[in-house]
Structures are given as C-alpha cells and as structure tokens.
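Inspection log for the structure reproduced underneath, given as structure tokens.
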Amino acid sequence: MFQSTFKERKKSSVNVSSVSGLGGDWNQIFYTAAKGAVTNFTRSLAMELGGQGVQVNAVNPSFTLTELTQDMTQNEALTTLLFS
C-alpha cells in the first residue's frame with residue numbers, strides 16, 4: 001500500500017535523521033540507532049522507488065543549540081569538538 005500510494009501520485013518523501021545516524025555518537029546509543037534506522041530506511045526507499053519517479057531524501061542536521069542542549073556546552077571537550 002505504501003509503495004503504490006507513492007508510485008501512483010509521484011510523491012516525494014523527506015525524512016529527518018541526524019549526522020549521528022551516519023556514524024554514531026557517544027552516550028547516544030538509542031538516538032543514534034533510531035536515526036541510523038531512518039537513514040537506512042531512506043536509502044532503501046530511494047533504491048526501491050527512485051526508478052519510478054519518486055524522490056526520497058533525508059535531512060541530517062548536526063548539533064543544534066537549544067534549551068535542551070545548553071548543558072552540553074559546559075563540556076569543554078565536546079564544545080571543542082563541535083565548534084572548532
């Protein structure tokens with residue numbers, strides 16, 4: 001059903017993953033596993049439907065400074081890695 005809907009309507013799919021899903025990250029086991037699954041799902045879907053005119057992409061943002069990640073900036077080693 002999923003594939004036929006995309007094929008019939010020539011739709012696009014944009015999935016949100018993370019750079020962590022491309023190669024892993026420390027202390028983020030479940031997050032990187034989930035984002036890796038999104039990345040590989042996107043690749044597989046693109047291979048499956050790309051030849052039929054369906055465009056499939058993923059957006060992979062990196063570290064984003066928000067209220068939830070603000071405490072992480074107190075880690076000098078991490079900030080050196082992220083911002084240098």
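We count residues from 1, following the sequence as given. Remember, predicted model here, so these are calculated numbers, not experimental data.
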Heavy-atom pair with the smallest gap, counting every atom of Glu48 and Gln52: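 Scanning both residues, the minimum pair turns out to be O-NE2, 3.4 Å.
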
Closest non-hydrogen atom pair, Ser18 against Asn60: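 Taking Ser18 first and Asn60 second, the nearest heavy atoms are N-OD1, 3.3 Å.
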
From CA spacing to verdict: side-chain contact (heavy atoms from CB on, under 4.5 Å), Thr39, Leu22: CA-CA 7 Å; Thr39 298; Leu22 300 174; 3.7 Å; yes

[Y] side chain reached by [X] side chain, heavy atoms, under 4.5 Å:
X	Y	answer
Asn57	Asn15	no
Thr64	Thr69	no
Arg43	Leu45	no

Flag, side chain of Ser44 to backbone of Phe41, donor-acceptor distance under 3.5 Å: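 No; judged by distance alone, with no hydrogens or angles, the pair does not exist.
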
Check: Ser17 side chain, Ala58 main-chain N or O, donor-acceptor pair, under 3.5 Å: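 Pair absent, no side-chain N/O of Ser17 close to backbone of Ala58.
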
Pair Thr32, Ser20: side-chain N/O donor-acceptor within cut-off below 3.5 Å: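 Result is no, nothing qualifies.
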
